[in-house]
Amino acid sequence: MIPVFLVGAASAPLIKKAIKPVVRGTIKTSVKLAADAKRTAHEINEDLSDIAAEASAEAFASDLQEGKEKPRQTTRKERSSSSKAST
């Protein structure tokens with residue numbers, strides 16, 4: 001009788017050759033999916049930023065048309081000099 005560990009030791013290189021391409025393909029596909037997800041999230045963020053900018057511009061324009069003395073602030077406030085120095 002052949003001991004079980006000898007069968008396992010003898011078949012390990014064959015199993016490694018068979019499984020390595022499967023694992024490599026799985027990892028490659030996972031990396032591609034992650035990159036696609038990151039790209040899609042970036043595109044969605046850009047779209048939302050564009051929509052927010054358009055809405056802000058429309059609010060500013062409507063304030064000007066209504067003749068308000070001080071329209072709503074539509075841009076980001078400048079950082080104070082102390083926070084700029086720390087960055």
Side-chain angles (χ1 to χ4, degrees):
M1 249 187 172
I2 301 174
V4 176
F5 73 91
L6 287 178
V7 174
S11 63
L14 297 174
I15 292 172
K16 181 181 175 185
K17 283 184 179 182
I19 291 186
K20 190 173 182 178
V22 173
V23 172
R24 179 177 283 153
T26 302
I27 292 172
K28 190 175 181 180
T29 301
S30 298
V31 168
K32 285 181 181 181
L33 286 173
D36 287 345
K38 186 176 181 180
R39 182 181 44 79
T40 301
H42 182 71
E43 289 174 0
I44 290 170
N45 187 30
E46 285 182 355
D47 290 343
L48 289 175
S49 295
D50 290 346
I51 291 169
E54 289 172 8
S56 186
E58 288 173 6
F60 184 78
S62 70
D63 284 352
L64 287 178
Q65 286 179 349
E66 292 173 5
K68 289 186 179 179
E69 289 181 18
K70 186 175 180 184
R72 288 179 228 147
Q73 184 174 356
T74 58
T75 58
R76 292 183 181 169
K77 291 183 180 180
E78 289 285 329
R79 291 184 180 182
S80 64
S81 60
S82 62
S83 64
K84 283 185 181 178
S86 64
T87 56

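Since we're looking at a predicted model, the values are computed, not measured. When a residue number appears, it is its place in the shown sequence, counting from 1.
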Let me have the donor-acceptor pairs involving side chains of residues 28-35, under 3.5 Å, with sequence neighbours excluded, atom names and distances please.
from	atom 1	to	atom 2	distance (Å)
Thr29	OG1	Gly25	O	2.9
Ser30	OG	Thr26	O	2.9

Table please: side-chain donor-acceptor pairs of residues 5-19 below 3.5 Å, with sequence neighbours left out.
from	atom 1	to	atom 2	distance (Å)
Ser11	OG	Val7	O	2.9
Ser11	OG	Gly8	O	3.3

Using distance only, find each side-chain donor-acceptor pair of residues 43-52 under 3.5 Å and give its atom names and separation, not counting sequence neighbours.
from	atom 1	to	atom 2	distance (Å)
Glu43	OE2	Arg39	NH1	3.3
Glu46	OE2	His42	NE2	2.9
Ser49	OG	Asn45	O	3.0

